[in-house]
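Shown next, in structure tokens, is the structure this report addresses.
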Amino acid sequence: MDKLLLADVWAHDFWFALPLVIAVSLVYAATRHEAMEPILRHALRIGTWIIAFMAVVFVVLSVGLWYLSWQQ
């Protein structure tokens with residue numbers, strides 16, 4: 001039961017990454033374009049890449065931790 005509660009606390013902390021992803025993708029896109037429409041399209045694309053990369057890293061780390069806990 002404690003592990004489930006701890007997982008909920010960790011998942012809650014991931015919401016803090018959302019404003020950072022938005023800010024980073026908007027700033028990065030704004031350094032590449034001048035008009036608003038290309039900035040927003042590029043920011044959406046970069047934001048999707050960042051979130052996908054974070055999800056892949058999360059899954060790899062979760063599987064690795066699960067494997068290590070299973071070995072003990």
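- With sequence neighbours left out, I51 forms a side-chain contact (heavy atoms from CB on, under 4.5 Å) with V21.
- The hydrophobic cluster analysis finds L68 isolated: no Ile, Leu, Val, Met, Phe, Trp or Tyr side chain comes under 4.5 Å of it, directly or through other members.
- Here L44 contributes atom CG and I39 contributes atom CD1; the two are 13.5 Å apart, rounded to the nearest 0.5 Å.
- Summarising the geometry of G47 relative to S25, their closest heavy-atom pair is N-CB, 3.8 Å, with the distance given to 0.1 Å.
- Here the straight-line distance linking atom CZ of R45 with atom CG of L40 works out to 12.0 Å at 0.5 Å rounding.
- Residues that satisfy the side-chain contact (heavy atoms from CB on, under 4.5 Å) test with F53, not counting sequence neighbours, are V57.
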Cut-off 3.5 Å, no hydrogens considered: what does the side-chain donor-acceptor table look like for residues 26-36, sequence neighbours left out?
unit_1: Y28; atom_1: OH; unit_2: R32; atom_2: NE; d: 3.4
unit_1: Y28; atom_1: OH; unit_2: R32; atom_2: NH2; d: 3.0
unit_1: T31; atom_1: OG1; unit_2: Y28; atom_2: O; d: 2.6
unit_1: H33; atom_1: NE2; unit_2: H42; atom_2: ND1; d: 3.2

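- For the side-chain hydrogen bond (donor to acceptor under 3.5 Å, both in side chains) condition, the pairs that include at least one residue of residues 56-67, sequence neighbours left out, are Y67-Q71.
- Applying the salt bridge (charged side-chain N to carboxylate O under 4.0 Å, His left out) test to E37 and every residue at least two apart in sequence or in another chain returns R41.
- Cluster annotation: I46 is connected to V24 through the hydrophobic network of ILVMFWY side chains, with a link wherever side-chain heavy atoms come within less than 4.5 Å.
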